[in-house]
Trainee: 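Here it is, the structure, as structure tokens.
The structure displayed is predicted, hence computed values, not measured ones. A note on names: the letters A, B, ... follow the listed sequences, proteins ahead of strands, and every chain is numbered from 1.
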Amino acid sequence: MGLRIQHLTKTFEEEDGDEFVVLDDISATVDEGSFTSIMGPSGCGKSTLLNILAGLHTYDAGEVAWRGETVDPTNLPIGYVFQEPRLLNWRSVEENLTFAMRAQGIPESDHDAIVGDVLSTVGLADERDTYPLRLSGGMRQRVGIARALAVDPEILLMDEPFSDLDELTARNLREDLIDLWQTTGKTIVFVTHDISEAVFLSDEIVFLDTAGQIFNEVSIDVPRPRDPDDRDLLAIESDLMDDFFDHMEALEEETAAASTGGGRAD
Amino acid sequence: MDQHSSTRETLARIVPDRVLPPSVVAVALFLVVWQLVSLSFDPNTFPGLGRLVETVVTVVTSGGRFAFAEHVGPTLVRIALGFTISMSVGSVLGIAMGLYEPVEDYTTAPVMAIMTFPAVVWAFMGILWFGITTYVVHVLVIVLVVTPYVTVNVWKGAESVEQDLVEMAATFDATRREQWRHIHVPHLQPFLFASARLAFALSWKIALVAEVFGATEGVGYVISYYFQTLRADLIIAWALPVMLLMFGVERLLKRLETRSFEWRPELEESAGRRA
């Protein structure tokens, strides 16, 4: 059950009128309560897929289902964490959270307790009245995560949330994220371009290529808690990278063959 | 870096900051120069400091030819009306231009065209079109000169709203009203404040210009009279209280602005350096 994406296709129209297929007949299942990563090189459509699930983009074909029922993605119970914190710098941390809660219609009487709760979860209990610009990058990102949690979504969508941070901060946040996930049991869909991050964090990894198709789906069965420098993980990473490069080479040969065959000048 | 610090040290020895802040020294120097220059001039043309103070007191207590309140009153009303209308029209137009392309396309040229006319030209045309009026011409001239500046400032502000934040709000299904209240308006605030300070500074100077050319009362009218009777000392004496008042208002606006940006650490840091 969980989250099912069936035959999803999304085409973008470019400025010169050309059509560019970003997602080509994508089908995948995300088990409820699992941590699933979507991986791929730049331009492969992973952010687009996430944005479709968030209700930010429309799509041209296919359907999305949650717990067995087809839904309009704008109605999915999601919380979104962006790559940048995207906080309202002129509002305190608490006000940033209440902004989201009010927008989602959560009763004001509950706000105080929820704010305390989620800020403790991300380790920022003392920063309720602080303004974002006085926080470090990692802390601001935590506020972004707290905000997504504050609306109590069943699905957490995360778009490369740690890629702007330094490795030390990112490692800390990854561990905190796993703790949080294990405590709350939410379904997490996590986009990244970093294979070691994906392997460390996920139960499942879905690989997208630049042709907009899923070319690989892998389960990571290494038991938790995982050590990011664990040999087994590194071995898996290495294998996955090999698979990825092999596939990209094959893809390039295909495109090259198609263009010489069709005589298209690019 | 070295040269910079040794100059600072030298200055610090001559003028210790804590005893005499630099701005006080500069003003004192200016006053000394003024007094020296005034010695070579007729007191009606370039009054010494003592004479100037006396004259200002006479003016403010309506001891001279013109009653102070009778002329400062209308001037202030013209400034207030001109400022208010310019800010209202300019902000609305600027926001519309920043958010809606069709508005921008059609209004950019007219706004720029109006902006290039000097205040004096508007003053002359206003008088020829409407005759000598109490408020219409003066307020109109202020509005025509000041509104384009407000418009352009606010336009640039409205254009620069971070789409990232709008997108973020969309993921939480925030309504347009919530987006306005929490994203657009706070984002526009610095631009509105900057526009207000500029608009105010322009408004009062334009008011005086308009009054010089087409009024029967007001500070500008009085200045024009004293120009014709060759009394530079009285021109200065009338201008000074108005300048001080306007300076006070500008400082107030600045203070309001600073207060509303306490969330920005950079402002605090630069204030610390200056202190």
Side-chain angles (χ1 to χ4, degrees), chain A residues 47 50-58 72-106 129-136 140 143-144 147-153 155-159 161 164, chain B residues 91 95 98-99 101 105 153-154 156-196 253-273:
Chain A
S47 290
L50 209 68
N51 288 342
I52 288 175
L53 294 175
L56 293 174
H57 284 332
T58 55
D72 179 351
T74 50
N75 294 330
L76 279 175
I78 59 120
Y80 200 122
V81 180
F82 292 89
Q83 195 173 337
E84 321 79 22
R86 299 206 190 177
L87 302 177
L88 303 174
N89 289 334
W90 41 79
R91 299 276 190 255
S92 68
V93 165
E94 173 156 10
E95 287 164 338
N96 267 276
L97 301 186
T98 55
F99 168 76
M101 291 193 277
R102 239 181 294 119
Q104 286 281 290
I106 294 174
D129 299 318
T130 315
Y131 283 87
L133 291 177
R134 289 177 213 275
L135 298 172
S136 69
R140 285 184 222 162
V143 176
R147 177 177 58 192
L149 290 175
V151 300
D152 200 26
I155 306 168
L156 209 53
L157 300 178
M158 308 182 83
D159 190 358
D164 279 355
Chain B
S91 306
I95 292 174
L99 296 183
E101 244 187 82
D105 290 341
N153 253 294
V154 175
K156 288 304 148 190
E159 251 186 0
S160 66
V161 167
E162 293 172 47
Q163 281 311 308
D164 278 3
L165 293 179
V166 175
E167 206 176 51
M168 177 278 293
T171 65
F172 291 108
D173 296 326
T175 60
R176 287 224 74 174
R177 198 157 164 260
E178 284 166 329
Q179 286 183 36
W180 265 95
R181 190 167 157 223
H182 296 282
I183 300 176
H184 290 84
V185 170
H187 176 87
L188 281 170
Q189 259 192 324
F191 295 91
L192 289 172
F193 269 111
S195 301
L253 281 176
K254 181 76 200 192
R255 186 137 338 138
L256 285 173
E257 183 179 348
T258 317
R259 192 101 56 79
S260 79
F261 294 119
E262 277 169 345
W263 52 267
R264 269 206 245 163
E266 310 101 273
L267 279 179
E268 255 186 43
E269 276 147 32
S270 55
R273 250 192 294 120

Trainee: State whether the side chain of B:His187 and the backbone N or O of B:Ala158 hold a donor-acceptor pair below 3.5 Å, judged by distance alone.
Mentor: no
Trainee: Where do A:Leu88 and A:Asn96 come nearest, in terms of heavy atoms and distance?
Mentor: N-OD1, 2.8 Å
Trainee: Using non-hydrogen atoms and a 4.5 Å limit, figure out which bit of A:Arg91 sits close to chain B: side chain, backbone, both or neither.
Mentor: side chain
Trainee: Between A:Trp90 (side chain only) and B:His182 (backbone N and O only), is there a donor and an acceptor less than 3.5 Å apart?
Mentor: yes
Trainee: Is A:Glu95 in contact with chain B via its backbone, its side chain, both, or neither, using a 4.5 Å heavy-atom distance?
Mentor: neither
Trainee: Among A:Gln104, A:Glu84, A:Arg86, which has the most heavy-atom pairs under 4.5 Å with chain B?
Mentor: A:Arg86
Trainee: Heavy atoms only, distances under 4.5 angstrom: which of A:Asn89, A:Thr74, A:Ile78 has the most pairs with chain B? Name it, please.
Mentor: A:Asn89
Trainee: Could you look at A:Leu87 and say if it's the side chain, the backbone, both or neither that has a heavy atom under 4.5 Å from chain B?
Mentor: backbone
Trainee: Heavy atoms only, distances under 4.5 angstrom: which of A:Ala54, A:Ala100, A:Gly79 has the most pairs with chain B? Name it, please.
Mentor: A:Ala100
Trainee: Measuring heavy-atom distances to chain A, does B:Glu167 have an atom under 4.5 Å in its side chain, in its backbone, in both, or in neither?
Mentor: both
Trainee: Does the A:Arg147 side chain pair with the main chain of A:Leu97, one donor and one acceptor, at a distance under 3.5 Å?
Mentor: no
Trainee: Go through it in stages, so that I can follow the logic: the residues are B:Phe193 and B:Phe191, the test is ring pair (Phe, Tyr, Trp, His ring centres under 6.0 Å), and I'd like the CA-CA distance, side-chain angles, deciding distance and then a yes or no.
Mentor: CA-CA 5 Å; B:Phe193 269 111; B:Phe191 295 91; over 10 Å; no
Trainee: Assess whether a salt bridge exists between B:Glu178 and B:Arg181, defined as any Lys/Arg side-chain N lying under 4.0 Å from an Asp/Glu carboxylate O.
Mentor: no
